[in-house]
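Chain identifiers are assigned alphabetically (A, B, ...) following the order of the sequence lines, protein sequences preceding nucleic acid strands; residue numbering begins at 1 within each chain. In this text, all values refer to a predicted model and were calculated from it rather than measured experimentally.
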Amino acid sequence: MHTEYRFIKSIHDIQPLLSSLNENSIIAIDTETTGLDPFQNRLRMIQIASLNQPVILIDLWKASYDIISSLKKIFTSSALKIFHNAKFDLKFLIKSGFIVHGPYFDTMLAAQVLSAGQKSQGFKLSDLVREELSIDLPKELQNSDWSGEFSEEQLSYAARDAQVLLEIYPCLLSKLENAHLSATAELEFECLSAVVDMELSGMLLHAEKWAKLTEELEKNQSDLAATLHQRLKEGFKRIPQLPFMDNLNSEQPPLNLDSPKQMLEALQQLGIPLKTTSHEELSQISRQFPVIQALIDYRKVTKVLQSFASTLPKYIHPVTNRIHPDYWQIGTTTGRFSCRNPNLQQIPRDQIFRECFIPSEGNLLIIGDYSQIELRVAAEISHDQRMIDAFQQNQDIHCLTASLLIGKDIGNVTKEERQAAKAVNFGLLYAMGARGLQLYAQNSYGVEMTNQQAVDFRKRFFEVYQGIASWQKELSTSRLKEIRTLNGRLRIWEDHPKMTELFNSPIQGTAADIMKQSMAMSFPYLNRNNIHLIATVHDEILLESPQEKAQEISHFLKETMIKAGKKFIQQVPIEVDIVIAKNWSEK
DNA sequence: TCAGTTCGCGCG
DNA sequence: AAAGCGCGCGAACTGA
């Protein structure tokens, strides 16, 4: 494959492209950098492809002032800008001082939207080119070095990567239209700037506080390990013929407390009836066996220690002193974000962890949280009149469920009853069984219920919320193999889906649509005011704002989040809780 | 030995 | 008839 290109030497070489730009222009942009980290590595080359023109290549390290200012004009023009994984290029462009304006078309996001959750790989540029153009791109230059002189081969590959974007774009565009996925893709593209800002901003961790916390947890862990050993030993003393006895008395670590396999074996030998050592099974018998409670306690602290406490500091960036995770816009089959390196979306809720996430000097956090968004979406989608009425009358939905289930006046519902109803609401919405409900209520909300109670609650729930019941009934008899969110986001299954997945997908997915809409809608204003998005956790947005602007910005965020919700949800009001805080634990 | 899988568990 | 869904991560475990 040969690509015509022009290596820009002077302002005259870039003039044809610049002067041909208008609001209908379409350009494809790719960049080459000296590495993957926008804070430590440098943007070297920019390639721009446009219709009926050779690809232009600009060596940023040698570009004159004139060329740079031409580039600035190109990036802020209203031309459609096509990228593959725009997030990467945009981060480098912004760190290099460029302002880049949409509209964007991201070929990677487009392909992911089109795949509708059917595959998790195969979104590399070369994959798309093979699929859309039936062309096998020659192998990428292995570890290509973009910090020295360019070879002819490097230049030609660089140009080619920009050129093919222009060629696969119409294919992807028409596929999106045919699949009625344009709105979904548009929303993803409109989100891009917000996601870029979020990754560049990252979050600030109070490192000293965190270190102290880690120390305490480590002490805690060794105490709990000792307790667990002690309890195991006590158990085996009563059954002295068991082989583990010797082990436990020796100096060597008797058995690996972290090994599910070894623990299962040991506990079974103690006569404790277990099939696995999952928390679910353990929690049921923790009262009868002190050793089980000891294992649960040990595991809890071990988990947070190895997953968070000891690993998080490794992610503090040497340049910014902040943590910059990777967000994946289509990291999940339903449309939610996923987050990695580290996954800030699963920092324990416990105050001792979250209070370590703080704003920088002179700033405050603004935390916006959609209230019961999935239940509101469910009411909207299922048209359940009782649930819709409840939300419209601003009733507490969990109290309402409690009062309806137990036939009590809504004002007399106790805290415990509300907790139980919360479990019922969230569980049964996605068709949890009675057994599951019972365990879920216990584990998530500390609510004891008998199996019979769970069966009754389940029955009552569907009598009371008939709209939910008939919506589920309709779906489960439909034999559908695909389903959409309220923004038209599609999920397709290869085989017949589990009903539970079919129920959950449009609800979780619509909530994700709303979150993305709110990010897209709020970014331009935030950006103008120099306010940064610093995280998003499914139904929650975090901003960092100078103290003196916080009031105004929090008001704006709340209104924008509600406005975003209203775009998809009309029958039910959207509620957003806003907090201005000195750390992440204040919610 | 090492890549891939499973278990268990943190979050929403 | 019965059925929680969506992730990422670390350690243990499996298989060639």
Enquirer: Is a side-chain N or O of A:Gln268 found less than 3.5 angstrom from the main chain of A:Leu274, in a donor-acceptor match?
Expert: yes
Enquirer: At under 4.0 Å between heavy atoms, what does A:Ile347 touch on the DNA or RNA strands: base, sugar-phosphate, or nothing?
Expert: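 The answer is sugar-phosphate, as A:Ile347 gets under 4.0 Å only of primed atoms, P, OP1 or OP2.
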Enquirer: Taking a pair as Watson-Crick or G-U wobble with both distances under 3.5 Å, which nucleotide is matched to B:dC7?
Expert: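 Per the H-bond distance test, C:dG10.
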Enquirer: What is the distance, to the nearest angstrom, from the CG atom on A:Asn425 to the C1' atom on C:dC5?
Expert: 16 Å
Enquirer: Would you kindly give the CD1-to-P distance between A:Ile296 and B:dG10, to the nearest whole Å?
Expert: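 After rounding, the reported distance stands at 11 Å.
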Enquirer: Should A:Thr333 be listed as having a side-chain N or O under 4.0 Å from OP1 or OP2 of C:dC5?
Expert: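 The answer is no; no side-chain N or O of A:Thr333 sits under 4.0 Å from OP1 or OP2.
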Enquirer: What's the verdict on salt bridge (Lys or Arg N to Asp or Glu O under 4.0 Å) for A:Glu463 and A:Arg460, showing C-alpha distance, side-chain angles and the deciding distance?
Expert: CA-CA 5 Å; A:Glu463 284 168 7; A:Arg460 280 289 292 154; 3.4 Å; yes
Enquirer: If you look at every strand shown and take non-hydrogen atoms under 4.0 Å, does A:Lys498 touch a base, only sugar-phosphate, or nothing?
Expert: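 Contact class for A:Lys498: sugar-phosphate only.
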Enquirer: For C:dC7, does OP1 or OP2 lie under 4.0 Å from any side-chain N or O of A:Thr334?
Expert: no
Enquirer: Does A:Asn341 have a side-chain nitrogen or oxygen under 4.0 Å from the phosphate oxygens OP1 or OP2 of C:dC9?
Expert: yes
Enquirer: C:dC7, OP1 or OP2 - any side-chain N/O from A:Thr332 closer than 4.0 Å?
Expert: no
Enquirer: Verify the contact: side-chain N or O of A:Lys300 to OP1 or OP2 of B:dG10, cut-off strictly under 4.0 Å; return yes or no.
Expert: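 Indeed, a polar side-chain atom of A:Lys300 lies that close.
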Enquirer: Report yes or no: does A:Lys87 contribute a side-chain atom to a donor-acceptor pair with the main-chain N or O of A:Asp326 at less than 3.5 Å?
Expert: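 Absent.
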Enquirer: Rounded to whole Å, how long is the line connecting atom NZ of A:Lys314 with atom P of C:dC9?
Expert: 12 Å
Enquirer: For B:dG12, does either OP1 or OP2 sit under 4.0 Å from a side-chain N or O belonging to A:Arg336?
Expert: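 The answer is no; no side-chain N or O of A:Arg336 sits under 4.0 Å from OP1 or OP2.
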Enquirer: Kindly say whether, by distance alone, the side chain of A:Glu501 makes a donor-acceptor pair under 3.5 Å with the base of C:dC5?
Expert: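 No, the side chain and the base share no sub-3.5 Å donor-acceptor pair.
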Enquirer: Has the side chain of A:Lys481 got a donor or acceptor atom that lies under 3.5 Å from a matching backbone atom of A:Glu494?
Expert: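 Pair found, side chain donor or acceptor close to backbone of A:Glu494.
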Enquirer: Need one value for A:Tyr440: base, sugar-phosphate or nothing, where a base atom within 4.0 Å counts as base even if backbone is also close, heavy atoms only.
Expert: base
Enquirer: Can you confirm whether the side chains of A:Asp37 and A:His317 place a donor and an acceptor under 3.5 Å from each other?
Expert: yes
Enquirer: For nucleotides B:dC9 and C:dG4, find the distance between their C1' atoms and express it as a whole number of Å.
Expert: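 Approximately 16 Å lies between the C1' atom of B:dC9 and that of C:dG4.
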Enquirer: Could you tell me whether A:Arg435 contacts a base, only the sugar-phosphate backbone, or nothing, with contacts defined as non-hydrogen atoms closer than 4.0 Å?
Expert: nothing
Enquirer: Could you tell me the separation between the CG atom of A:Asp258 and the P atom of B:dC9, rounded to a whole number of Å?
Expert: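 Distance check: A:Asp258 CG to B:dC9 P gives 11 Å.
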Enquirer: Would you say a side-chain N or O of A:Ser338 is under 4.0 Å from OP1 or OP2 of C:dG8?
Expert: yes
Enquirer: Take atom CG of A:Leu264 and atom P of C:dA12, then tell me their distance rounded to the nearest Å.
Expert: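 A:Leu264 atom CG is separated from C:dA12 atom P by 16 Å.
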Enquirer: Does A:Ser476 or A:Arg491 map to a spot on DNA chain C nearer the 5' end, using the closest nucleotide for each?
Expert: A:Ser476
Enquirer: Hydrogens and angles aside, do A:Tyr298 and A:Thr227 bring a side-chain donor and acceptor to less than 3.5 Å of each other?
Expert: no
Enquirer: Could you tell me the separation between the CD atom of A:Gln508 and the P atom of C:dG4, rounded to a whole number of Å?
Expert: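 Between P of C:dG4 and CD of A:Gln508: 16 Å.
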Enquirer: Does a nitrogen or oxygen in the side chain of A:Arg299 sit under 4.0 Å from OP1 or OP2 of B:dC7?
Expert: no
Enquirer: Between A:Ala431 and A:Ser505, which residue's closest nucleotide on DNA chain C lies nearer the 5′ terminus?
Expert: A:Ala431
Enquirer: Once you round it to whole Å, what is the distance between C1' of C:dC5 and CG of A:Leu475?
Expert: 14 Å
Enquirer: Tell me which one of A:Thr485, A:Asp513, A:Thr334 satisfies side chain to side chain donor-acceptor pair (under 3.5 Å) with A:Gln508.
Expert: A:Thr334
Enquirer: Roughly, in whole Å, what's the span from CG in A:Leu375 to C1' in C:dC5?
Expert: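 In whole Å, C:dC5 C1' and A:Leu375 CG are 14 Å from each other.
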Enquirer: Give one of base, sugar-phosphate or nothing for A:Gly433, where a contact means two heavy atoms less than 4.0 Å apart.
Expert: sugar-phosphate
Enquirer: Considering just the side-chain nitrogens and oxygens of A:Thr277, establish if one lies under 4.0 Å of OP1 or OP2 belonging to B:dG8.
Expert: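 For B:dG8, OP1/OP2 do have a side-chain N/O of A:Thr277 under 4.0 Å.
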